[in-house]
Amino acid sequence: MNSFNFYSPTEFVFGKDRENECGKYVKKYGGTKALILYGGGSAVRSGLVGRVKASLEEYSIEYTELGGVQPNPRDDLVYKGIDLCRAEGTDFILAVGGGSVIDTAKAIAIGVPYEGDFWDFYSGKHAEKALPVGTVLTIAAAGSEGSGDSVITKIDGMLKRGTGSDVLRPKFSVLDPALTQTLPAYQTAAGATDIMAHVFERYFTNTKEVEITDRLCEAVLMTMVKEVPRVIADPDNYDARANIMWAGMVAHNNIVGVGRDQDWNSHGIEHELSALYDCAHGAGLAVIMPAWMEFVYKHDVMRFAQAAVRIWGCKMNFADPEATAVEGIHRFRAFLHSIGMPINFEELGAKEEDIPALVDKFGLGDGRTGGFVHLSSDDVAEIYRIAVRAKL
Ligand code: NZQ
Ligand code: ZN
């Protein structure tokens with residue numbers, strides 16, 4: 001196991017109706033004048049934003065609001081939010097929504113105290129200072145409610161890039177599983193796919209002797225395999241939603257990834273798809289992650305066979321472990337298909353002729369990247385091509 005620091009300072013406020021307490025937590029973490037940030041309208045229509053405002057009023061916290069964050073959030077709203085916060089003297093940002101809203105809140109939070117262009121942080125600069133952020137989560141997916149990461153798309157060139165810093169970890173996150181009951185099935189499934197991908201990015205590692213995190217990863221994945229079909233069949237199933245919501249946090253605050261090298265190439269390769277086609281990040285991952293697995297599994301057949309046996313319940317073929325490894329990948333893809341996710345370029349609305357442009361934007365040049373298998377630009381192109389051909 002590698003040496004590590006684990007820092008996860010966020011206070012999680014979990015359970016039904018807990019959003020009615022968010023004023024208490026904004027106050028606890030020093031907010032006196034908040035910006036309430038939300039997305040395209042689901043949180044307004046459900047009455048959630050109204051309840052959040054009532055809670056802030058109960059604790060005498062002033063607020064302004066900014067809506068309109070779109071999935072695959074863009075830089076224009078970040079600039080707008082920074083200007084608004086400066087004009088209003090905002091000292092706390094409250095994100096009410098999913099990963100896109102939370103990531104925008106984080107971008108505004110580092111942009112307000114910074115004199116330069118906030119995009120500098122998405123081009124390699126490390127953030128040292130930010131306004132405090134709290135979240136009221138409405139979709140189990142990105143894990144941004146517990147992570148120090150934010151992903152934003154720059155409209156000029158449609159560049160989707162991320163930044164990471166501990167100053168971006170939310171002060172608190174309200175997780176009310178009932179809020180996710182209004183999600184369309186497709187968004188539930190896309191979120192679930194993202195959660196599973198966050199675990200797989202960590203599971204496939206070259207680090208030896210990591211039994212504890214292997215087993216934690218497997219627990220999260222097995223939970224998803226059990227609970228996701230239950231919520232697809234019965235969207236109001238609170239307990240299944242609750243398990244998925246906590247799994248989404250556990251999958252990405254890094255407790256399942258500490259002490260081991262991680263990969264993250266599937267995420268990078270997917271980000272080019274959601275930047276170009278504006279597809280849901282999870283749907284893009286459903287197409288890319290099994291394709292990546294097919295490309296790299298020979299690097300460590302026994303690890304893939306372990307995943308097949310422990311997560312997917314495959315029978316170990318001791319005479320031919322490769323067959324077991326491949327069966328596990330097929331079961332993953334079949335699972336994604338069964339919950340309504342696309343499994344190839346055509347189903348996603350992506351085009352084979354765009355592959356050179358996608359690889360170009362991925363921007364590797366002659367370099368290589370990835371923590372499990374180091375990929376070249378040609379390798380990335382081949383993974384996209386596997387994703388074109390993929391079928392059950
Ligand atoms: O905008 P509204 O109207 O709210 O609709 C949203 C949006 O259309 C809808 N939605 C959310 N909660 C709902 C709801 N609809 C009905 N009822 C509810 N309760 O769902 C749609 C998707 O929302 P979004 O916030 O985009 O989803 P998600 O949480 O999957 O976030 C995706 C973004 O997070 C990034 C992705 O790249 C993508 O841009 N990621 C962020 C990470 C991080 N910060 O740590 C890590 C991830 O790997 C990921 O890259
Ligand atoms: Zn993700």
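Numbering of ligands and ligand atoms starts at 1, following listing order. Numbers for residues simply follow the sequence, beginning at 1. As the structure is a prediction and not an experimental result, all values here were calculated from the model.
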If you count the atoms of ligand 1 from 1 in the order shown, which ones are under 4.0 Å from a heavy atom of [X]?
X      : answer
His271 : 37 (O), 50 (O)
Gln187 : 20 (O), 21 (C), 22 (C)
His252 : 45 (O), 46 (C)
Pro71  : 7 (C), 8 (O), 26 (O)
Ser147 : 43 (C), 44 (N), 45 (O)
Thr182 : 16 (C), 17 (N), 18 (C), 19 (N)
Thr138 : 11 (C), 12 (N), 13 (C), 18 (C), 19 (N)
Asn72  : 39 (O)

Among all protein heavy atoms, pick out the one at the shortest distance from [atom]; state its residue, atom name and that distance to 0.1 Å.
atom                    : value
atom 5 (O) of ligand 1  : Ser42 OG, 3.9 Å
atom 13 (C) of ligand 1 : Leu183 CD2, 3.3 Å
atom 41 (C) of ligand 1 : Asp103 OD2, 3.1 Å
atom 47 (C) of ligand 1 : His198 NE2, 3.4 Å

When rounded to the nearest 0.5 Å, the distance separating CG of Leu77 from CD1 of Ile108 is 6.0 Å
Once you round to the nearest 0.5 Å, how far does CZ of Arg230 lie from CG of Asn237?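 Result: 4.5 Å between the selected atoms.
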Carboxylate-amine/guanidinium contact [X] [Y], below 4.0 Å:
X      : Y      : result
Glu115 : Lys129 : no
Glu65  : Lys53  : yes
Arg389 : Glu382 : yes

Given [options], which one has a non-hydrogen atom that is nearest to [atom]?
atom                    : options                       : result
atom 31 (O) of ligand 1 : Gly282, Ala141, Gly99, Gly284 : Gly99
atom 34 (O) of ligand 1 : Gly40, Gly39, Ala142          : Ala142
atom 49 (C) of ligand 1 : Lys160, Glu270, His281        : His281
atom 26 (O) of ligand 1 : Ser100, Ala280, Gly68, Gly146 : Ser100

Against ligand 1, does [X] come closer than 4.0 Å with any heavy atom?
X     : value
Gln70 : no
Gly41 : yes
Pro73 : yes

Check your understanding: Hey, is the Zn ion (ligand 2) within less than 2.8 Å of some N/O/S atom on His198?
Key ->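 Under 2.8 Å: His198 contacts the Zn ion (ligand 2) through an N, O or S atom.
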The NE2(His267)-the Zn ion (ligand 2)-OD1(Asp194) angle, to 10°, is 120°
Quick one: are the ring centres of [X] and [Y] less than 6.0 Å apart?
X      : Y      : answer
Tyr63  : Phe92  : no
Trp292 : Phe295 : no
Trp264 : Phe372 : no
Phe204 : Phe200 : yes

Taking non-hydrogen atoms only, is [X] closer than 4.0 angstrom to ligand 1 via side chain, backbone, both or neither?
X      : value
Gln181 : neither
His267 : side chain
Asp194 : side chain

* Criterion side chain to side chain contact (heavy atoms under 4.5 Å, CB included) against Val231, the qualifying member of Ile244, Leu183, Ile339 ->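 With Val231 as partner, side chain to side chain contact (heavy atoms under 4.5 Å, CB included) holds for just one option, Ile244.
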- Message: Tell me which one of Met224, Arg331, Glu218 satisfies side chain to side chain contact (heavy atoms under 4.5 Å, CB included) with Ile311.
- Response: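 Filter result, single survivor: Glu218.
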- Can you confirm whether something in the protein, heavy atoms only, sits under 4.0 Å from atom 23 (O) of ligand 1? no
Check: Under 3.5 Å between some N or O of ligand 1 and some N or O of Val101?
Finding: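 So ligand 1 has no N or O lying under 3.5 Å from an N or O of Val101.
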Could you tell me whether the side chain of Asp379 reaches within less than 4.5 Å of the side chain of Arg368, counting heavy atoms only?
yes
Q) Just checking, any donor-acceptor pair under 3.5 angstrom between side chains of Ser274 and Lys160? A)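 Lys160 and Ser274 do have a side-chain donor-acceptor pair below 3.5 Å.
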(request) For the residue pair Asp75 and Tyr122, confirm or rule out a side-chain donor-acceptor distance under 3.5 Å. (result) no
side-chain hydrogen bond (donor to acceptor under 3.5 Å, both in side chains) test vs His252 passes for just one of Glu201, Glu145, Arg202, namely Arg202
